[in-house]
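Here is the structure we will look at, set down as structure tokens.
The figures that follow rest on heavy atoms only: side chains count, while hydrogens, waters and symmetry mates do not. Remember, it's 1-based here, ligands and their atoms both numbered in the order they're listed.
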Amino acid sequence: MSQLLLQNRKIVLGITGGIAAYKACELCRLLVKNGADVRVVMTEAAAKMVGPATLSALTHHEVMTDVFQDAEGIDHIAITNDADLYVVAPATANSIAKFACGLADNALTTSVLASACPIVIAPAMNTRMLLNPATKQNLKTLQDRGVYIIAPEDGELACGDKGMGRMRNPEDIFSYICALLNDHIALPYKGFEPEALPSPEEPAALTQTKLLPKSHGAGIKIVITAGPTEEHIDPARVITNKSSGKMGYALAQMAATMGADVTLISGPTHLATPNNVKRVDVTSASQMLDAVKSQVGQANIFIGCAAVSDYRLIEPMHTKLKKEDHGEFLTLELVKNEDIIAYVGHLDEDRPFTVGFAAETDNFEDNAREKLLRKKLDLIVLNDVSDPEIGFNSNDNAASVFNEKGIVTSFGKMSKVKLADLLMELILAEYKSSRESEKKSKK
Ligand code: PMT
């Protein structure tokens, strides 16, 4: 782990009364070791779990446990005044409920309510408490207000049960904080279906823009397609592919973060809609084409990241196909779908700056460049989908970007969120320079 990742950062660490409070000491140690100036606020129950003296020794500051106490002359209101972040770890169901209601009945809840900085919470509790609709609603309320929630994980709980609700380990929370403060990347709370809970690496929606000073997308309308499409065979079966939507959603998230007006046209995915993004859900390639046609007229930039089915059934069946009605072999007659991005690329009027993706398994560069020219794209992002670590449904990707003159740049393996950040910067810069050149050539 590199040193001083949080140099000059002021962080308030709130500790509530869960067994996981002991892990807050390690989190505190990591924050301090990496240069952060950490102030600790504890509930009365937390102070029974771990001694304030320990945290005071770790932070070199007095620990606040009481609203009537001025820790080193700083009160419970002023404590967040110059803080970069307020992290509550662990956050118990009780404190989460208080945050959601806006209660201020102790030093911690009061300082959270009065917080002048972004807030991150790391819930920790028994599974049944976590799955209780009251807790889920409280977390949703907080998320909607822009609180960052580090979803708890599955594992052994203090009560002896096994299940969802264990606080993330201090290293994960520390990485999250670094990503949030340094890269402006946040990971979301996505619900409590275990399969929907994100791993710390998973890309996701940014929940607030306070930390995100980038604004070079302002005034630019971007339409992005993402995810797979589904072509119906019969009411029960579809032709689809392995796209998860992660890459396209990350692009939408980053574009919105940069201030762009973003419409995400999405095939079926399990992903949460990124904040400040308009989402249009479609199923088939022809529905995606219709949605693109209705949106693209107003767009400055179109990005085709969806894995669109190239073919559909000529006649999908209205009732479920029965194997008894067919012999050993079944032949399905397919017809080609219209190429959505080629439609956009060939527009004569109101043609947006058009960026495609090439999902390749061989002949990488030749295939990508052929697609760029045939579909009349301004840029194409080539990615290798033969490698499961950087292809469909992975959290990481690597890509090379081409224009008609050749390679523009290459990005090594990194998270799809980080790649989306770099790609959006590049796409916006290329879009702006192409508009400048257009203006000059008109003069
Ligand atoms: O969703 P993830 O799991 O995160 O995976 C990301 C990804 C691998 C799907 C993404 O990075 C990617 O490569 N998307 C493009 C997938 C694709 O269909 O590639 P293609 O080479 O078949 O098509 C080239 C371009 O034409 C793409 O921009 C595609 O959106 C577009 N196309 C293709 C067919 C069609 N009928 N209409 C289209 O617009």
Side-chain angles (χ1 to χ4, degrees), residues 201-204 223-231 239-254 264-271 274 282 284-293 295-296 301-312 334-347 352-402 411 413-420 422-423 427:
E201 307 79 36
E202 210 171 319
V223 174
I224 300 174
T225 65
T229 58
E230 287 179 356
E231 306 301 330
I239 299 174
T240 187
N241 60 66
K242 295 194 285 186
S243 168
S244 61
K246 286 177 187 174
M247 190 68 241
Y249 275 58
L251 286 164
Q253 167 193 319
M254 285 305 164
L264 176 65
I265 300 175
S266 173
T269 74
H270 297 288
L271 302 178
V282 297
S284 65
S286 65
Q287 285 174 4
M288 188 173 273
L289 176 65
D290 289 344
V292 168
K293 282 183 176 171
Q295 295 290 335
V296 83
I301 299 175
F302 175 80
I303 305 174
C305 188
V308 185
S309 179
D310 288 322
Y311 291 90
R312 66 178 184 279
L334 305 179
V335 60
K336 213 174 194 173
N337 280 323
E338 184 172 347
D339 195 303
I340 300 170
I341 206 162
Y343 162 83
V344 178
H346 285 86
L347 282 173
F353 186 83
T354 307
V355 183
F357 270 71
E360 303 297 340
T361 55
D362 58 350
N363 272 341
F364 297 97
E365 193 170 326
D366 289 348
N367 288 344
R369 296 185 70 173
E370 184 278 322
K371 282 176 187 167
L372 175 97
L373 298 176
R374 175 163 50 87
K375 302 186 188 209
K376 233 173 144 222
L377 311 179
D378 295 291
L379 294 175
I380 195 154
V381 182
L382 163 66
N383 49 183
D384 174 0
V385 290
S386 66
D387 180 346
E389 287 198 359
I390 53 168
F392 291 112
N393 198 24
S394 56
N395 288 332
D396 293 335
N397 202 357
S400 299
V401 184
F402 295 85
F411 299 109
K413 184 177 167 185
M414 63 185 84
S415 79
K416 281 181 178 169
V417 176
K418 185 74 198 162
L419 180 64
L422 298 173
L423 282 174
I427 291 168

Whether [X] side chain and [Y] backbone form a donor-acceptor pair below 3.5 Å:
X      : Y      : answer
Thr225 : Cys305 : yes
Asn367 : Asp362 : yes
Ser386 : Asp384 : no

Nearest non-hydrogen partners of His346 and Arg374, listed with the distance: CE1-O, 3.1 Å
Using a 4.0 Å cut-off to any heavy atom of [X], which atoms of ligand 1 qualify?
X      : value
Lys246 : 1 (O), 2 (P), 4 (O)
Ser243 : 1 (O), 2 (P), 3 (O), 9 (C)
Asn393 : 2 (P), 3 (O)

If we check side chain to side chain donor-acceptor pair (under 3.5 Å) with Asn395, which of these qualifies: Lys416, Glu389, Lys246?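 The option that passes is Lys246.
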Rounded at 0.5 Å granularity, tell me how far [atom1] in [X] sits from [atom2] in [Y].
X      : Y      : atom1 : atom2 : answer
Glu231 : Tyr311 : CD    : OH    : 12.5 Å
Asp387 : Asn397 : CG    : CG    : 9.5 Å
Glu360 : Ser400 : CD    : OG    : 11.5 Å

Within the structure, does [X] bring an N/O atom to less than 3.5 angstrom of an N/O atom in ligand 1?
X      : answer
Gly356 : no
Asn383 : yes
Gly245 : yes

Checking a contact table here: which protein heavy atom is nearest [atom], and how many Å away?
atom                    : answer
atom 37 (N) of ligand 1 : Ile340 N, 3.0 Å
atom 36 (N) of ligand 1 : Glu338 O, 3.3 Å
atom 6 (C) of ligand 1  : Met247 CB, 3.6 Å
atom 22 (O) of ligand 1 : Lys371 NZ, 4.1 Å
atom 34 (C) of ligand 1 : Asp310 OD1, 3.3 Å
atom 38 (C) of ligand 1 : Asp339 OD1, 3.4 Å
atom 31 (C) of ligand 1 : Ile341 CG2, 3.7 Å

May I ask which of [options] has a heavy atom nearer to [atom] than the others do?
atom                    : options                        : value
atom 27 (C) of ligand 1 : Phe392, Phe357, Tyr343, Tyr311 : Phe357
atom 28 (O) of ligand 1 : Ala342, Gly304, Ala285, Ala420 : Gly304
atom 17 (C) of ligand 1 : Ser394, Ser244, Ala358, Ala306 : Ala306
atom 14 (N) of ligand 1 : Ala359, Ala307, Gly345, Cys305 : Cys305

Per-residue contact class, [X] against ligand 1 - non-hydrogen pairs under 4.0 Å:
X      : value
Val385 : side chain
Val308 : both
Lys416 : side chain
Thr225 : neither

May I ask you to test the [X]-[Y] pair for a side-chain heavy-atom distance under 4.5 Å?
X      : Y      : answer
Val355 : Asp378 : no
Thr229 : Ser286 : no
Leu334 : Ile239 : yes
Asn393 : Lys242 : no
Phe411 : Leu423 : yes
Arg312 : Ser284 : no

Measuring from non-hydrogen atoms of Lys336 to any atom of ligand 1, is the shortest distance under 4.0 Å? no
Would Lys375 count as a contact of ligand 1 if the rule is a heavy atom under 4.0 Å away?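 Yes, Lys375 has a heavy atom closer than 4.0 Å to ligand 1.
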